[in-house]
Structures are given as structure tokens and as C-alpha cells.
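Note sheet for the following structure.
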Amino acid sequence: MTSKSMFDDAEVLRCEAEDLCCLLQATGLSFVVAGGGARDTALGVMPKDFDIVVFGWGNNTEQVAMRLDSLDGLLSDYANEQGMAYTYLPSYHDAAEGGDFGSRLFGVYKIGRLDVIISRCGTWSQVLAEFDFNLNQFYFPSSIPRYSGQYSRDPKDYMAYPYNPTLSAEDVQWYPALSHPLSTYAELLSLKTVRADASSGRTAYIQAKHKQLLPAIAKYVSSKTGV
């Protein structure tokens, strides 16, 4: 694939993700676009997909089941209208095997190269904190409905700014930088593990991914720290 065709493909994927974000925001869902797609965008690498992580569904099993079915219908119709492949994987898909899917997620909807992931987390910051490695803790602030930056600070003004997700490299943030000095961007170079319960296979995969991306990571760290 040529550089131009790769750029065009990335642009198509970005537009698809932004369009789906607008659909989900219109239904009142809370979510954040985060993970490998955001990371690759930040590092100037062609993302293979985007993860839209929905949060804040609580733990009422009956209510969650109803919301899952409702969202299944909405996304199935949307995928059909857009001519995109569609698959719905409910949380009980691997629950009997004790998989991570059933313990941390309610379900996943796959629409083309977009994954709508229903997390058990209550907030977007918890979603980011739950990622297994900091290599994946990248996110797009503009993707979050009702993000603090989208509201006027005047308490008399209740009008939100228009929702306008912009899934570009300029919008990407690295979550740990919110609570640490920028110098800790260097942690990316050593791949500090976030979750101690990551499997050996997952760890090996991420370490290989880290090695592959190291030049781009070093460039990104330099741009953020000025060194």
C-alpha cells in the first residue's frame, strides 16, 4: 500500500469512527475512544481499528441486558445502512471459561473496523486506568460526550458546545500525563506495566509491539518533553 493510499485509508477509518461517535452521543451514551487506535494515531502509525469504550452502565443485570439488546438493534441497523460487517459478542461469550471478557466487559459490538466495547467501568478515567499497559493508555478527549472542555464555565450558561469529535493526532492525550509531570513520558520507553494480572502471552505481545513502535514512541516522548 502506497503512502497516499495509507493516508486515505486512515482518513476513511477516522471519519467512520467520528460518525459512529456522533450516533452514540445522540443516544445519550457515555464513552471514550481509546487504546491502540489512539496510540497509533499519536505515533503516526496507521491504526488498524478504533475502540469506542462505553462506560457508566452500573451493575443492574436486567437493565444492562435491556440496554445491550437495544444497542444491538441500533448498531445492527447502522452497520446494514453503511454496508459494514457486524458482529455482536455478549459478555457470556467466554464467561464459562473464566475469561477476561466476562469479568471486565458487558459485551462488544464489531462494526467494520470499529469496536464498541461496553465496559463495566463507571467513568472514562477508570476506563483508561484499567488498560493493562501504559502503551495503550492513549485517548481522544474530544470523543468524550460531556467532557469538561465542552461546557461553558459560566454557571448561568447551561448550553454545551456542539459535540464535535476530532480523532486526530493533535487531539490525542496520554492518560498518565494527567497525574504526573511530563518527564514521566519517559516511562513509555521502559513500558511500565499497569495491570499485574496481565497474562504472559499478552505481556509478550505488548513487549513485541513496544519494540516495534520504539522509534515512534521516542519521537513522541521528545515532542512532549522537549528533549
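Computation of the quantities below employed the complete heavy-atom set of this structure, encompassing side-chain atoms and omitting hydrogens, waters and symmetry-equivalent molecules. Along the sequence shown, residues are numbered consecutively beginning with 1. Just so you know, these numbers come straight off a predicted model, no measurement behind them.
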Atom pair [atom1]/[atom2] of [X] and [Y] - distance to nearest 0.5 Å:
X: Glu11; Y: Glu16; atom1: CD; atom2: CD; answer: 11.0 Å
X: Ser142; Y: Asn164; atom1: OG; atom2: CG; answer: 7.0 Å
X: Asp9; Y: Met46; atom1: CG; atom2: CE; answer: 3.5 Å
X: Glu130; Y: Arg120; atom1: CD; atom2: CZ; answer: 11.5 Å
X: Ile111; Y: Asn80; atom1: CD1; atom2: CG; answer: 12.5 Å
X: Phe133; Y: Lys209; atom1: CZ; atom2: NZ; answer: 13.5 Å

### Message
Centre-to-centre under 6.0 Å for Tyr220 and Phe138, is that the case here?
### Response
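Centroid separation for Tyr220 and Phe138: below 6.0 Å.
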### Task
Would you sort out whether Asp115 and Val53 count as a side-chain contact (heavy atoms from CB on, under 4.5 Å), showing the intermediate values?
CA-CA 8 Å; Asp115 285 0; Val53 186; over 6 Å; no
### Message
Within the 3.5 Å criterion, strictly below it, is a donor on Thr166 or Asp171 matched to an acceptor on the partner's side chain?
### Response
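No - no donor-acceptor pair under 3.5 Å links their side chains.
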### Query
Can a donor-acceptor pair be found between the side chains of Thr123 and Ser125 at a distance below 3.5 Å?
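Per modelled atom types, Thr123 and Ser125 side chains form a pair under 3.5 Å.
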To check you understand the geometry: which heavy-atom pair defines the closest contact between [X] and [Y], and what is its length?
X: Pro141; Y: Gln173; result: CG-CG, 3.4 Å
X: Trp174; Y: Gln137; result: CD1-O, 3.5 Å
X: Arg14; Y: Phe50; result: CA-CE1, 4.0 Å
X: Pro90; Y: Tyr88; result: CD-O, 3.5 Å
X: Tyr109; Y: Leu68; result: OH-O, 2.7 Å
X: Val127; Y: Ser119; result: CG2-OG, 4.2 Å

### Task
Please lay out, stage by stage, how Ile118 and Val64 fare under the test side-chain contact (heavy atoms from CB on, under 4.5 Å).
CA-CA 10 Å; Ile118 312 301; Val64 168; 5.9 Å; no
### Message
Is any side-chain heavy atom of Phe140 closer than 4.5 Å to one of Pro165?
### Response
no
### Task
Taking the side chain as every heavy atom from C-beta outward, state whether Val172 and Leu167 have any atom pair closer than 4.5 Å.
no
### Query
Should the ring pair Tyr139 and Tyr175 be called parallel, tilted or perpendicular, given that the plane angle runs from 0 to 90° and is split at 30 and 60?
perpendicular
Is there any side chain to side chain donor-acceptor pair (under 3.5 Å) pair reaching into [range], and which pairs are they, with sequence neighbours excluded?
range: residues 68-78; answer: Asp19-Tyr78, Asp72-Tyr86
range: residues 44-67; answer: none
range: residues 29-43; answer: Ser30-Arg146, Arg39-Asn136

### Query
Between Val116 and Val108, is a side-chain contact (heavy atoms from CB on, under 4.5 Å) present by the stated rule, with each step listed?
CA-CA 6 Å; Val116 177; Val108 176; over 6 Å; no
Can you hop from [X] to [Y] via hydrophobic side chains spaced under 4.5 Å?
X: Ile206; Y: Leu214; value: yes
X: Leu135; Y: Tyr205; value: yes
X: Leu23; Y: Met84; value: yes

### Task
Take Ile117 and Val54 through the side-chain contact (heavy atoms from CB on, under 4.5 Å) test and state the conclusion after the steps.
CA-CA 6 Å; Ile117 301 170; Val54 177; over 6 Å; no
With a 3.5 Å distance limit and no angle check, can you tell me whether [X] reaches the backbone of [Y] through a side-chain donor-acceptor pair?
X: Thr203; Y: Ser199; result: yes
X: Gln126; Y: Gly122; result: yes
X: Ser143; Y: Val33; result: yes

### Message
Tell me whether Lys110 at atom NZ has more than 12 heavy atoms from other residues, nucleotides or ligands lying less than 6.0 Å away.
### Response
no
